[in-house]
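Source: prediction; values computed, not measured.
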Protein chains: 2
Amino acid sequence: MNVAYDDLIAFHGHSCPGLAIGYRMTMAAMDFLSSSHAAVEELVAIVENNACGVDALQYISGCTFGKGNFIFKDYGKQVYTLYNRNTRKGVRVVFNPQNIPEDIFKDRERFAHWLLTSDEGDVVSLKEVHIEEPEPARIMDTVVCESCGELVMSTRTRELDGKTVCIPCSEKHHVS
Amino acid sequence: MNVAYDDLIAFHGHSCPGLAIGYRMTMAAMDFLSSSHAAVEELVAIVENNACGVDALQYISGCTFGKGNFIFKDYGKQVYTLYNRNTRKGVRVVFNPQNIPEDIFKDRERFAHWLLTSDEGDVVSLKEVHIEEPEPARIMDTVVCESCGELVMSTRTRELDGKTVCIPCSEKHHVS
């Protein structure tokens, strides 16, 4: 697949080495899975950090925070795992920094250019993985918080003095 | 500001009532703050759910999961708070479902159309809020996990038998 890097910059807001890393990681993983942008949840991503590159992952793969096919594990690692529900094929992609020329680290523009133009094998490592299929997203009932009157998902309520309230209302009570 | 809903659909993957809700909530909040898409972190968003609408928030506001200006509170509420670092102005926007005609709930296409075309005051409520300015994102050092050899953010390591390891390696050890 082909995604214009300029369109990705418009989404993220700016270009940077981190975005370039995410671009190469995601494109490599998508090609490995022969996948295109997910319309619903046919692709799932597990991301192990919340750095700039994850915006490339969201934009290119369609595994987005709002769609239920995006799982965040706060491991601080430049690693994504993508899984295709149709083919049941998964891939783990890791950023490989060992080939970066030492003199370009501090020049963010040159560094981003190097990341975008180097051979895929110099930037990322890919490995097919077998993972347990993640649960699809579910739509939950909505109830009214008996304290503030706002709507809240039924699975995110707390009981307080015999009332069903939202988490912020339950925490305000505990603070006061 | 003006954002084409079709471009947003391309990012999210499909149109749905949830996306339309997020579109109206975000557009209303951005207009209230006289803000445009964030290039870096001049805007910050606190979102209280991870439903479809949050993709509209990311796409329109530039407060994205990968950029450090996106804070998730898992409250299950259709509420976003946007804060402009330049003006120090904040707004809390809430989805108002009470005006939705009862007969259109089950027709997702008609429902989305109603959400996109109704008066703003029929869809959302806005309130200026004063919040503590969120910390900007920080770049952390990277170290090598002494078990798997992969890179990991220094603040996401664990000590295990005298070695500094990443969280997945520390958990594998505990399981075996």
Side-chain angles (χ1 to χ4, degrees), chain A residues 7 10-14 16 18-19 22 37-43 47-59 62-70 72-79 94-97 125 137 139-140 142-143 145 148 150-157 166-168, chain B residues 7 10-14 16 18-19 22 37-43 47-59 62-70 72-79 94-97 125 137 139-140 142-143 145 148 150-157 166-168:
Chain A
D7 292 342
F11 170 62
H12 183 61
H14 62 268
C16 59
L19 193 70
H37 188 277
V40 280
E41 292 186 53
E42 62 271 31
L43 262 184
V47 303
E48 299 191 16
N49 69 72
N50 60 350
C52 295
V54 177
D55 281 350
L57 180 280
Q58 291 193 95
Y59 189 82
C63 298
T64 57
F65 185 85
K67 213 159 70 195
N69 60 348
F70 176 95
F72 173 45
K73 298 198 173 181
D74 192 8
Y75 294 161
K77 299 181 75 169
Q78 280 289 17
V79 176
V94 183
F95 171 53
N96 272 342
S125 292
I139 294 176
M140 302 294 180
T142 297
V143 299
C145 168
C148 68
E150 291 182 348
L151 296 181
V152 55
M153 198 160 77
S154 59
T155 53
R156 294 290 181 281
T157 56
C166 67
I167 296 171
Chain B
D7 293 341
F11 170 62
H12 183 61
H14 62 268
C16 59
L19 193 70
H37 189 278
V40 278
E41 292 186 52
E42 63 271 31
L43 263 183
V47 303
E48 299 191 15
N49 69 73
N50 59 351
C52 295
V54 177
D55 281 350
L57 180 280
Q58 291 194 95
Y59 189 83
C63 298
T64 57
F65 185 85
K67 213 158 68 195
N69 61 348
F70 176 95
F72 172 46
K73 298 197 173 180
D74 192 8
Y75 293 161
K77 298 182 74 169
Q78 279 289 15
V79 177
V94 184
F95 171 54
N96 272 342
S125 292
I139 295 175
M140 302 294 181
T142 297
V143 298
C145 168
C148 67
E150 291 182 349
L151 295 181
V152 55
M153 198 160 75
S154 59
T155 54
R156 294 289 181 281
T157 57
C166 68
I167 296 170

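Within the 6.0 Å centre-distance limit, the rings of A/Phe72 and B/Phe65 are counted as a close aromatic pair.
Taken from CD in B/Gln78 to CG in A/Leu151, the straight-line distance is 9.0 Å, to the nearest 0.5 Å. Note that the NZ atom of B/Lys73 and the CD1 atom of A/Ile167 stand 11.0 Å from one another [nearest 0.5 Å].
Between chain B and the residues A/Ala38, A/Gly76, A/Ser154, the largest count of heavy-atom pairs under 4.5 Å involves A/Gly76. Counting heavy-atom pairs under 4.5 Å between each of A/Val79, A/Thr157, A/Asp74 and chain B puts A/Asp74 at the top. Chain A forms more heavy-atom pairs under 4.5 Å with one residue of B/Ala51, B/Gly62, B/Gly53, B/Ala56 than with any other, namely B/Ala51. Between chain B and the options A/His12, A/Met153, A/His14, heavy-atom pairs under 4.5 Å are most frequent for A/His12.
Between A/Thr64 and the options B/Thr64, B/Asn50, B/Asp55, a side-chain hydrogen bond (donor to acceptor under 3.5 Å, both in side chains) holds for only B/Asp55.
Contact detail for A/Lys77 and B/Cys148: the closest heavy-atom pair is NZ-SG, 3.5 Å.
Looking at A/Cys166, only its side chain comes within 4.5 Å of chain B, counting heavy atoms on both sides. For a residue to count as touching a neighbouring chain, one of its non-hydrogen atoms must lie under 4.5 Å from one of that chain's; by this rule A/Phe70 touches chain B with the side chain only. Interface remark: A/Val152 contributes backbone and side-chain atoms alike to the contact with chain B (heavy atom separation under 4.5 Å). With a 4.5 Å cut-off on non-hydrogen atoms, A/Ala10 touches chain B through its backbone but not through its side chain. Neither the backbone nor the side chain of A/Cys63 has a heavy atom closer than 4.5 Å to any heavy atom of chain B.
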Apply side-chain contact (heavy atoms from CB on, under 4.5 Å) to A/Glu150 and B/Ser125, showing your working.
CA-CA 11 Å; A/Glu150 291 182 348; B/Ser125 292; over 6 Å; no
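Judged as a ring-ring contact (aromatic ring centres under 6.0 Å, His included), and not counting sequence neighbours, the contacts of A/Phe11 are A/Tyr59, B/Phe11.
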